[in-house]
Amino acid sequence: MPDYKPQTIEKKWQDRWRDARAFEVTEDPEKPKFYCLEMFAYPSGHAHVGHVRNYMIGDVVARMKRMRGFNVLHPFGWDAFGLPAENAAIKAGTHPEKWTLDNIAHMKGQLQRLGISYAWEREIATCLPDYYRWNQWVFLKMLERDLAYRRRSNVNWCPSCNTVLANEQVIDGKCWRCGTTVTTRELEQWFFRITHYADELLDASETLTEWPEKVLTMQRNWIGRSEGARVRFALSGPESRVAGRDSRLADHANAEPETANSHPPAVNEPPAASRQALAAIEVFTTRIDTIYGANFIMLAPEHPLVQEWSQEAGADEFRRSLQRFQSQDRTARLTGEVEKEGFDTGRTAINPFTENPVPIWVANFVLIEYGTGAVMGVPGHDQRDFEFAKKYNLPITRVVEDAAMTHGAAEASSAASQAYDGAGSLVESGEFTGLDWEEANRQMTAAAQQRKIGEGTVQYRLKDWGISRQRYWGTPIPVVYCKACGMVPVPSDSLPVLLPKVVEFSGRGDSPLAQIPEFVNTTCPHCGGPARRETDTMDTFVDSSWYFFRFCDPKNTELPFDPDKVAYWGPVDFYSGGVEHAILHLIYSRFFCRVFRDLGMTNMSEPFTRLLTQGMVLKNGQVMSKSKGNVVDPDDMIQKYGADALRLYVMFVAPPEKEIEWTDAGLEGSWRFLARVWRVVDQLAETIGGEGIPSPAELELNDAERGLRRKTHDTIRRVTVDLDPRVHLNTAVSAMMELVNELYAFCGRTDCLRIGQQAEELSTVGAVERASTVAVLKESVEALVRMISPFTPHMAEELWEVLGHTGGIVAAGWPAFDEAVAKAEEIVIPVQINGKVRARLTVPADTSEDRLRELALADPQVVRHLEGKAVKKVVVAAGRLVSIVAG
RNA sequence: GCCGGGGUGGCGGAACUGGCAGACGCUCGGGACUUAAAAUCCCGUGACCGUAAGGUCGUCCGGGUUCGAUUCCCGGCCCCGGCACCA
């Protein structure tokens, strides 16, 4: 008997699959489709086990679905633009393209050696013009529809390094590299108007019933919707000037916060209205019900009015205070690590509800990015405001009292030690006094609106997505700047704007494209005059926001994809990847899907029906990484144990969404199991592989045979539901292990194989005498081989062939089970007395409740325990247990 | 602080709608085979008491509902993840 030799088998089947184009698919309206996708890979070099776990999970699903008759699209590709390629270029002098393509070649080999069933003919790499030209195409469409726009925004700038810095690279206001004090600089940045879909993205998250709650929560937090009101406090006092009527600050404050490989976001935003004098200060509040307690106003240091006042003659003191705040570390200010402080501007505004003048302060903890950059100070009901008021001796009043508080406590509470932010009803609040705070919120918002001093509004944490990157290895943004015509989009028919190959990497941080005159200098598509190209490239998250559509039609040269093809394949039925993409990639993709929908390219709103976030693979308690030196290279494991054992181990050790701790012993255990499967199947092949063996359904079976048959059908049932819809891959494997144990026991019992006597090999005892034994074994073994094939496809195919089949295991289909056969004929019913199991009854499965009660009460163990006690009650759950209450 | 997910043997983990807690695997121990070892096959492995039959305890802690709770309810502790001076 040949030993289990995974390496030989695996090579053989991988070659066959490739030659037969086994996993390539086309649209087939006759068959139900299934789009199975794993997040494509960044070609960083070598994939480790942590990376490939995801592909294994997807492959089990894809292979299983194929066997169940689905037309399965299972493609793969490369998220190939990005910073590491550029860094490698600077460091090693390799061109980013060569570095990237070499890595892709290596990693593709790794995936093929794992036997992942990809439709490789659909492979895409985002760094190739066939792909990124469609980024440019979408960009232009978005520009047409005002979903892409350009805006000046402030970024951190190091004057010595001559580069933009990320917020994280600014330490105590200084450059992390050279220690120079960081300044801000205004740069033109491109944005995608994702906030246009903020509400829809939030609301539609309700429809994503097959997404993990964790991810939905993260997305909701990220979008950060909060309902409140804007209220205008008119300026008063001698210094106030009344100029423009509209005091609205610009809405969308700034760029997307920092992302993993992003370029720094805007630091702050001088709103459009900044250069006008304002008639009123608009504040954002979620607690308009407390406005009678608003005893002061606080502005962000970057607030336009503050900026304006600081310019005035004689405002030296003002300027000094302001500069102090502005020199405070930005990150520390954002996270509240600096002490809360402020200064009085000397100006006042009118609280529109009390009509009392309130002082206007500047406070370093008010953020220009959020709301209107101005807040009302309600020290009675907000802890920060309370501390601020205490510090600067501002009046504290309570306007909401909970029911337990004695009436008239309002004044006394000014001496309280903290703000009250709980529920209650209003006091000292004019016509609103006595209302419950939530009702007051509604009525006061309406009143503000009616009196034209404010309105209900919704505020989001989500900001528009800043996509400009001063980098080489990305998609060129397809616009040019012409002296005469201004910004002019590159016409669609002259796409792609190719990324030039020859480039020098200064490492200076400015876009390398700006150094290439042949790229920069062009002609204006509009007037034909001289023009300069945009030299920033797109954030790589643009590339990954729609690649799943491209897979449906990867060779299309007319459009990013044929809408009909996407209509057939979409949406992605099963999508798996790491949780680290829960926010960025998964929100961007949902955004892009809506953009394509609104372009009329698809009628889907959501791209991914089911999402699985797979857990990481740890070794020695830590995430695998090259720098920690704890990576497990799948190729090493394949050499030792084979791809199948590796796949099985990773699938078995824990549920897919949990993290796993790598152990060599565990992998070895899986290898042992496969060798055990191999032995029993191979050894039985001659007996059960013949022609004309009837189905056991048509034969008279003895007890042992019926037992094995029952186990077989029950296992098929369990594995089937564990895989689909549950995707409990670990329990599916354990069910199959049980079946194998049962097969060994059966063979030992019926003497059809000699097990365990002479060791290394099993020995066939001779022709199995009973036809029914052969039939039952055949059914069991063939079901096993088919069920295990999504996990260990190479071994399964080989065994299928050994069993005398041609045409492959997918064609054989998924095994069916008979519910009636799967059910046990005899079951063990526990008998509880006062909650403790005291006896077990072995009875036919269909024993009636009355009969069970009778048998239980007659059982000697039960009788013994009931001695001297009176039976008060007997509960019988047919098929489950008998519970006796006695005392 | 707000939102979400968790807490089960020495370890990874099972337990579908409340019904025998610990499936399956790892580790460890024992046996068979072998001159021997490896491999293989079989058996055992939550804790405590007992020679055994059997008993007691046991799913983070404290209560509750129920004939019966890992599962449901109330209160608390701890861990993980997200958001957070967000007004």
Side-chain angles (χ1 to χ4, degrees), chain A residues 212-224 226 228 283-287 290 298 332-340 363-367 369-378 381-385 387-388 421 459-461 579 582-583 649 652-655 657-661 663-670 672-673 675-676 679 718 721-722 726 728 730-738 740-741 744-745 748 754-762 828-840 861 864 872-877 879-886:
Chain A
E213 203 51 47
K214 177 173 48 172
V215 174
L216 294 174
T217 303
M218 284 163 77
Q219 294 209 350
R220 287 176 192 134
N221 287 342
W222 186 261
I223 294 169
S226 92
V283 302
F284 174 72
T285 178
T286 54
R287 292 291 306 273
T290 64
M298 291 175 289
R333 257 192 70 202
L334 279 166
T335 53
E337 283 155 22
V338 297
E339 196 192 334
K340 292 177 188 53
N364 65 345
F365 63 90
V366 178
L367 307 174
E369 292 85 356
Y370 192 75
T372 59
V375 296
M376 58 188 207
V378 186
H381 303 282
D382 180 284
Q383 191 58 23
R384 287 161 307 178
D385 297 356
E387 283 158 21
F388 195 81
D421 59 4
Q459 195 61 47
Y460 297 95
R461 214 193 69 91
V579 234
I583 295 178
Y649 164 61
F652 172 64
V653 71
E657 38 285 282
K658 273 200 85 149
E659 62 184 30
I660 60 181
E661 171 71 31
T663 63
D664 290 342
L667 174 55
E668 209 161 318
S670 290
R672 268 202 296 274
F673 170 69
R676 194 168 148 85
R679 276 192 296 276
R718 284 167 63 190
V721 301
D722 274 353
R726 295 173 73 197
H728 286 195
N730 55 328
T731 51
V733 175
S734 65
M736 289 186 280
M737 287 174 166
E738 283 184 47
V740 172
N741 291 345
Y744 270 77
R754 181 98 58 201
I755 294 170
Q757 304 297 312
Q758 263 327 298
E760 242 157 54
E761 297 187 350
L762 304 172
V828 176
I829 301 278
V831 182
Q832 293 184 346
I833 298 172
N834 293 339
K836 287 193 166 59
V837 178
R838 297 300 183 184
R840 291 186 170 81
Q861 284 293 336
R864 187 168 72 81
K872 290 179 178 164
K873 191 175 176 184
V874 179
V875 179
V876 183
R880 290 192 185 278
L881 96 169
V882 178
S883 181
I884 300 167
V885 190

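Chain identifiers are assigned alphabetically (A, B, ...) following the order of the sequence lines, protein sequences preceding nucleic acid strands; residue numbering begins at 1 within each chain.
The partner of B:C2, taking Watson-Crick or G-U wobble pairs whose two distances both stay under 3.5 Å, is B:G82. Across all strands shown, B:A47 forms a Watson-Crick or G-U wobble pair, both distances under 3.5 Å, with B:U56. Using Watson-Crick or G-U wobble geometry with both donor-acceptor distances under 3.5 Å, B:G19 finds its partner in B:C67. For B:A14, there is no paired base (Watson-Crick or G-U wobble, both distances below 3.5 Å). Nucleotide B:G62 has B:C74 as its partner under the Watson-Crick or G-U criteria, with both atom distances under 3.5 Å.
Taking 4.5 Å as the limit, every side-chain heavy atom of A:Val740 sits out of range of all side-chain heavy atoms of A:Met737. Looking at A:Ile829 and A:Val882, their side chains come closer than 4.5 Å, going by heavy atoms from C-beta outward.
Remark: A:Asp664 pairs with A:Trp662 by the side chain to side chain donor-acceptor pair (under 3.5 Å) rule, at least two apart or across chains. Residues forming a salt bridge (Lys or Arg N to Asp or Glu O under 4.0 Å) with A:Glu387 (at least two apart in sequence, or on another chain): none. Applying the ring-ring contact (aromatic ring centres under 6.0 Å, His included) rule to A:Phe673 yields no partners; only residues at least two apart in sequence or on another chain are considered. Every residue was checked against the salt bridge (Lys or Arg N to Asp or Glu O under 4.0 Å) condition with A:Arg840, not counting sequence neighbours, and none meets it.
For B:C78 and B:C28, the P atoms lie 37 Å apart once the distance is rounded to whole Å. A distance of about 37 Å separates the C1' atoms of B:U66 and B:G1, rounded to the whole Å. If you take atom C1' in B:G7 and the same atom in B:A87, they sit 36 Å apart, rounded to whole Å. Rounded to whole Å, the P atom of B:G68 lies 16 Å from the corresponding atom of B:G18. B:G19 and B:A39: their P atoms are spaced 41 Å apart (whole Å).
Under the 4.0 Å criterion applied to side-chain N and carboxylate O atoms, A:Arg220 and A:Glu213 are assigned as salt-bridge partners.
Using a 4.0 Å heavy-atom criterion, one finds that A:Val828 contacts the bases of the nucleic acid, with or without backbone contacts as well. Residue A:Pro655 is classed as a sugar-phosphate contact, given heavy-atom separations below 4.0 Å to backbone atoms only. Using a 4.0 Å heavy-atom distance criterion, A:Gly666 is classed as making no nucleic acid contact. Residue contacts shown for A:Lys872 are absent, as no nucleic acid heavy atom lies under 4.0 Å away. Note on A:Arg220: nothing from the nucleic acid sits closer than 4.0 angstrom, heavy atoms only.
In this entry the base of B:G58 is anti relative to its sugar, with a glycosidic angle more than 90° from 0.
Taking atom CG on A:Asp722 and atom P on B:C24, their separation rounds to 15 Å, with Å as the unit. One interatomic measurement links the two molecules: CZ of A:Phe652 to P of B:A23, which rounds to 11 Å at whole-angstrom precision. To the nearest angstrom, P of B:C11 lies 22 Å from CG of A:Leu667. If you take CD of A:Glu659 and C1' of B:G5, they are 13 Å apart, rounded to a whole angstrom.
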Could you run down nucleotides 81-87 of chain B 5' to 3' and tag each one B, S or - for protein heavy-atom contact under 4.0 Å? -BSSBBB
Reading 5' to 3' through nucleotides 50-71 of chain B, protein heavy-atom contacts under 4.0 Å coded B for base, S for sugar-phosphate only, - for none: ----SSSS---------B----
Yes or no on side-chain contact (heavy atoms from CB on, under 4.5 Å) for A:Val831 and A:Ile884, after CA distance, side-chain angles and deciding distance? CA-CA 7 Å; A:Val831 182; A:Ile884 300 167; 3.8 Å; yes
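If you check B:G19, B:G13, B:A15 against the side chain of A:Asn730, the one that comes closest is B:G13. Among the nucleotides B:G13, B:U17, B:C24, the one closest to the side chain of A:Lys658 is B:G13. With distances taken from any side-chain atom of A:Arg672 to the nucleotides B:A14, B:C26, B:C24, the minimum falls on B:C26.
Using modelled atom types, one finds a donor on one side chain and an acceptor on the other under 3.5 Å when comparing A:Arg676 with A:Asn741.
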